[in-house]
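The block underneath contains the structure these notes are about, expressed in structure tokens.
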Amino acid sequence: MEADLVFTGGRVFLPTGPQRAQVAVKGERIIAVGDEVAGLVGPNTQVVPVSGMLAPGIQDAHVHPVWGGLEVLRCDLSPYTEASAYRQAVAHYARANPDRGWVTGGGWSMAAFPGGNPHRRDLDDIVADRPVLLHNCDHHGAWVNTRALELAGIDRLTPDPPDGRIEREADGTPTGVLHEGAVALVARHLPEASAAEYEAALRIAQTHLHRLGITGWQDAILGPYGGYRDPSPAYRALAASGELTARVCGALWWDRDRGTEQIEELVARRAENAIGRFGTPMVKIMLDGVAENFTAALTEPYLCGHGNGLSFVDFDRLPGYVKALSAAGFGVHFHAIGDAAVRAALDAVAATGKSVARHQIAHIQLIDPRDVPRFGQLGVIANMQPFWAGHDPQLDDLVLPYIGPERSGWLYPFGDLHSSGARLAAGSDWPVTTANPWQGMEMAVTRAMHSDEVLLPAQRLGLVTALTAYTLGSAYANSCDEAGVIEAGRLADLILLDRDPFLGEISQTRVTQTYVGGERVFDGS
């Protein structure tokens, strides 16, 4: 047999760790690893030299690519970190797009504003004639101007929705910040975006992710959310045309205002979405919000009288939902930031009994130490976002003072999860934070972000563990069992790196070529 591709001359990240080896590919699969590769080189074989390292393709276990692409196409605030820069960017976008009825986009950080909250007045003097809605970077809140509030009929008498909060001045007047479900009060008035715009956003996102070495991902919300329409039609369109080169696992949005009666519809959507490299074997249930706006669900109250946060679904009914979804063949992808939400998810899986479903809990910011071993015991995947596990202004100013010193020792316990037998997967949550997996890996290994201060050093991971989480671990979470590792018979989803990240400078690693099923989808060499 003659190989189509042979990678030779450098180190390869194998299941046993990095070592020098050769790898042969025929069609879409790896056919040999090791000394036997030399005998598979023929006149038509393309021999690819490995100067840095050959690794399995990265799989992102929690990401929102279409949202990321839309931010690029709209008013993108993600490159900036200061309030003045946000204002300048909004003003520039509004001038450049005078015909758009709304100014939309997002990417602003709560840490740029006192108390984490900007004000509508900061938008009113820039754009007074049109409504403005800008999601913050974590997409759990939005900044709007007075015109948007007026259009939505929101004033000091408007009650908070059950799943959100309107930020207010002392007399109840809305300040222009909407948290969680309150965003929908304005977002439902947005004009319907076109299918072409969503497809363009997906193309932009796929190019960006392939450039970073990402060959597959799990889109963590497929359904209408926060003013965004369901991205599923865009995936189906690109999958049908062959433009979807990534392997995409989708998590169908669980409507938290409904119960198990929606499962029949989810099953039908799963069948409709099974096209090419696109499939939707997961259901996303968002259990709580985020700690920065006091909507993450805690077992004990936030300090300074902020309550215990919000529960977006009835935790008592959750076991029934999970059992019914498991019976229908779905894995459940839980959003759980607070320790109460994490415990509710684990309790629901425990009550379901044995199941082959790949249940996973994403974000896992705050876990009561008593619950850490339950991940391994129950077979629940710890779907971590490692880039968050370091000191930065958002954590230090908007979270730690309100949870206190004991719970501050429970943050992102990746090391304890790993040592207790949990299966680790890794993702970025882009566009919430960078999609760059090499920056995420460095955070997993160092737990240090913008300073020398390490966040809970005992929770650091070794690079072999971190890279395995981003490859084999995430491939498992994404129901892509034939990828994620370099072995004969596996899919040839491979990336060439410009260096060996095990020699240092993990975050500086650059991908020079990305292959999906033996086909090169990015060439930056």
Side-chain angles (χ1 to χ4, degrees), residues 71 75-78 80-91 103-128 131-152 154-161 163-187 226-227 288-298 301-310 337-338 365 388 392-403 431-433:
E71 284 192 0
C75 183
D76 185 8
L77 304 181
S78 62
Y80 313 107
T81 58
E82 302 292 334
S84 59
Y86 295 148
R87 283 169 46 85
Q88 291 173 10
V90 173
V103 173
T104 58
W108 57 273
S109 171
M110 294 179 69
F113 300 95
N117 294 308
H119 201 281
R120 56 188 164 79
R121 288 192 298 266
D122 296 324
L123 294 173
D124 291 344
D125 62 358
I126 300 171
V127 187
V132 179
L133 186 149
L134 302 166
H135 290 92
N136 68 6
C137 62
D138 64 22
H139 291 256
H140 286 266
W143 180 18
V144 300
N145 67 351
T146 298
R147 183 73 190 95
L149 291 169
E150 292 172 345
L151 183 68
I154 300 173
D155 58 23
R156 65 184 184 86
L157 300 178
T158 304
D160 289 342
D163 61 347
R165 189 175 78 250
I166 301 168
E167 201 70 36
R168 302 174 191 270
E169 297 173 0
D171 66 352
T173 301
T175 66
V177 172
L178 307 172
H179 299 294
E180 304 296 344
V183 177
L185 301 177
V186 170
D288 65 345
V290 293
E292 291 84 351
N293 65 15
F294 314 117
T295 60
L298 306 184
Y302 291 90
L303 305 184
C304 306
H306 288 289
N308 291 62
L310 296 178
I337 292 282
Q365 181 174 12
W388 302 354
D392 68 358
Q394 188 148 315
L395 179 71
D396 293 347
D397 298 339
L398 302 178
V399 178
L400 298 185
Y402 301 102
I403 63 173
V432 174
T433 45

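Every heavy atom of this structure was used, including side-chain atoms; hydrogens, water molecules and symmetry mates were not.
A donor-acceptor pair under 3.5 Å links the side-chain atoms of Arg87 to the main chain of Asp122, judged by distance alone. Looking at Tyr86, its side chain does come within 3.5 Å of a backbone N or O of Tyr80 through a donor-acceptor pair. Between the side chain of Asp160 and the backbone N or O of Ile166, at least one donor-acceptor pair lies under 3.5 Å. Judged by distance alone, the side chain of Asn145 and the main-chain N or O of Leu123 form no donor-acceptor pair under 3.5 Å.
From Asn117, atom CG reaches atom CZ of Arg168 across 13.0 Å, with rounding to the nearest 0.5 Å. Atom CG of Leu310 is separated from atom NE2 of His179 by 10.5 Å, given to the nearest 0.5 angstrom. Atom CD of Glu292 and atom CG of Asn136 lie 9.0 Å apart (nearest 0.5 Å). Within the model, atoms CZ of Arg165 and CG of Asn293 stand 5.5 Å from one another, a figure rounded to the nearest 0.5 Å. One distance of note links CH2 of Trp108 with CG of Asp138; it measures 8.0 Å at 0.5 Å rounding. In this structure, CG in Leu134 is found 8.0 Å from OG1 in Thr104, a value given to the nearest 0.5 Å.
Within 6.0 Å of CZ on Arg156 lie no more than 12 heavy atoms contributed by other residues, nucleotides or ligands. Residue Phe113 places its CZ atom among more than 12 non-hydrogen atoms of other residues, nucleotides or ligands, all under 6.0 Å distant. Counted within 6.0 Å of CD on Glu169, heavy atoms from surrounding residues, nucleotides or ligands total more than 12; the atom is thus considered enclosed.
Taking the side chain as every heavy atom from C-beta outward, Thr173 and Arg120 approach each other to under 4.5 Å. Annotation: side chain of Thr295 is not in contact with side chain of Asp288 (no heavy-atom distance under 4.5 Å). In this structure the side chain of Ile337 reaches within 4.5 angstrom of the side chain of Gln365, judged on heavy atoms. Residues Leu77 and Val90 form a side-chain contact, since some pair of their non-hydrogen atoms from C-beta on lies under 4.5 Å apart.
Across all their heavy atoms, Ala182 and Leu178 have their closest contact at O-CD1, 3.7 Å. Nearest heavy atom pair, residue Pro174 against residue Ile154, reads CG-CG2, 3.8 Å. Minimum interatomic distance between Gly338 and Ala296 (heavy atoms only, all atoms of both residues): N-CB, 4.0 Å. Residues Gly181 and Pro161 approach most closely at C-CG, 4.0 Å, considering heavy atoms. Closest approach of Ala89 to Cys75, counting heavy atoms only: O-SG, 4.1 Å. The minimum heavy-atom distance between Gly107 and Cys137, with the atom names listed, is O-CB, 3.8 Å.
Ring geometry for His139 versus His135: interplanar angle under 30°, hence parallel rather than tilted (30 to 60°). Between His306 and Phe294, the ring planes are parallel. Angles under 30° get that label, and only those over 60° would be called perpendicular.
Screening Val290, Asp397, Leu398 for a side chain to side chain contact (heavy atoms under 4.5 Å, CB included) with Met110, the sole residue that qualifies is Leu398.
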